[in-house]
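Some notes on the structure that comes next.
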Amino acid sequence: MKKTYIVSGIFIIFFLILTVACNKVGKKEYSPEYVFTYAENHSNDYPTTMGAFEFARLVEEKTNGRIIILVEANGKLGDEESVLEQLEMGGIDFTRVSISPLSGYVKKLNVLQMPYIYESNEHMWKVLNGEIGKAFIEDMKGSGFIALSWYEAGARNFYNSKKEIHRLEDMKDLRIRVQQSELMKDMVRLLGAVAVPMSFGDVYSALETNIIDGAENNWPSYESTNHYEVSKYYTLDEHSRIPELQLCSEVTWNKLSDDDKAIILECAISSSEYEKKIWKEREELSKSKVKEAGCVITELSIREKNRFRQAMEPLYNEYCYEYMDIVKEIISMSE
Ligand code: GCU
């Protein structure tokens, strides 16, 4: 009996030493060759940030800790405009942005964020996952940014602190915050409102102090930023679906081996699948949270939604005249 205890004791000690030794070896392997930064302007529990964490986790796993990506959320590394400037110079390695500010660099991207260009979420994903989406990703090469994968960002709606919007005329003279994009400014002007371009992080206090009357965004952004607390009228006009992109700085990209590039691309695509899935859940959660808080949600009649759509139509001539063939192809893919 005693002998058995001694043998098991020796065995356990041997096992422990082996475990510690293995950990040490593991730790030795864990010496990163690259530590990269990733900028995200949403909070830690927002779907795109969770997608970024998943991306970083996968890259670390697949490179055995050789590539570490540090995700900095909450706009800690700056607003989207300054993050793009830094990314272009290689000061920040990765980010996820709305294509609105990116269209200042790559004009053609405007096509993908035109008001009412997609009939539904499925339509948008058919375009992004198909030849058109692939060509856009390819065309980004040489722009300073390498596009890795598309991210979901739902449909955007107008909201304001003054009144319910039932008709196009109700938009008149409302001061609406827009993203830093010419297209977005013109879009709001065509509705008879006043466009106020401003960084995303400044919108809450601008609403609170009445510098602006409203803004426009998807359900999760309206909720996660607490804009709903200071702007309770949310109108379901669904004027745009603005895809988002995970980007790598071209400066960073050029330092990587072909194998590492392939790993990063693969992980970015997997993280986008994950983000799409949790996006749906968050959208539902955000809807119920703002409804419970007493926000007034207004459905537009079909007639009025069409009037919004028609009012924005001149934007196509202005922003897409060089790309009408792509616009037509996108529209034909709605069936
Ligand atoms: C969305 C998007 C952000 C963007 C914001 C905006 O929330 O995810 O990346 O900054 O819209 O309206 O600026």
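In this chain, numbering begins with 1 at the start of the sequence shown.
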ring-ring contact (aromatic ring centres under 6.0 Å, His included) partner of Trp219, chosen from Tyr159, Tyr46, Tyr234 = Tyr234
Check the side chains of Glu182 and Tyr319 for a donor-acceptor pair under 3.5 angstrom, ignoring hydrogens and angles.
-> no
Hey, mind stepping through Gln113 and Leu109 against side chain to side chain contact (heavy atoms under 4.5 Å, CB included) and telling me if it holds?
-> CA-CA 7 Å; Gln113 58 164 350; Leu109 279 173; 5.9 Å; no
Start with the C-alpha distance between His239 and Phe158, add both sets of side-chain angles, then the distance that settles ring pair (Phe, Tyr, Trp, His ring centres under 6.0 Å), and finish with yes or no.
-> CA-CA 8 Å; His239 54 274; Phe158 286 104; 4.2 Å; yes
Flag for Glu244-Thr48: side-chain donor and acceptor within less than 3.5 Å | no
Shortest non-hydrogen contact from Ile176 toward Ala215 = CG2-CA, 3.9 Å
Does one side chain, of Glu152 or Asn121, offer a donor that lies under 3.5 Å from an acceptor on the other?
-> yes
Verdict with reasoning, Phe36 to Phe94, per ring pair (Phe, Tyr, Trp, His ring centres under 6.0 Å) | CA-CA 8 Å; Phe36 290 134; Phe94 292 92; 5.7 Å; yes
Do Glu72 and Thr37 pass the side chain to side chain donor-acceptor pair (under 3.5 Å) test, and can you show the C-alpha distance, the side-chain angles, and the key distance before you say yes or no?
-> CA-CA 7 Å; Glu72 297 287 359; Thr37 44; over 6 Å; no
Heavy atoms only: give me the nearest Tyr118-Pro243 pair and the separation to one decimal.
-> OH-CG, 4.1 Å
Provide the closest heavy-atom pair for Ala268 versus Leu148 in the form atom of the first, atom of the second, distance.
-> CB-CB, 3.6 Å
Side chains of Phe55 and Glu275 in contact at under 4.5 Å (non-hydrogen atoms) | no
Identify each donor-acceptor pair in which a side-chain atom of residues 206-214 lies under 3.5 Å from a protein atom, sequence neighbours left out, and give them as a table.
{"residue": "Thr209", "atom": "OG1", "partner": "Ser205", "partner atom": "O", "Å": "2.6"}
{"residue": "Asn210", "atom": "OD1", "partner": "Lys162", "partner atom": "NZ", "Å": "3.4"}
{"residue": "Asp213", "atom": "OD2", "partner": "Arg175", "partner atom": "N", "Å": "2.8"}

Residue pair Trp279, Tyr151: steps toward the ring pair (Phe, Tyr, Trp, His ring centres under 6.0 Å) verdict = CA-CA 10 Å; Trp279 179 269; Tyr151 263 35; 9.6 Å; no
Mind checking the OG-CZ spacing from Ser271 to Arg96? Nearest 0.5 Å is all I need.
-> 11.5 Å
Would you tell me whether Ser100 and Gln179 have side-chain atoms, one donor and one acceptor, within less than 3.5 Å of each other?
-> yes
Show your working on side chain to side chain contact (heavy atoms under 4.5 Å, CB included) between Met324 and Glu322 and close with a plain yes or no.
-> CA-CA 6 Å; Met324 274 311 189; Glu322 290 170 79; over 6 Å; no
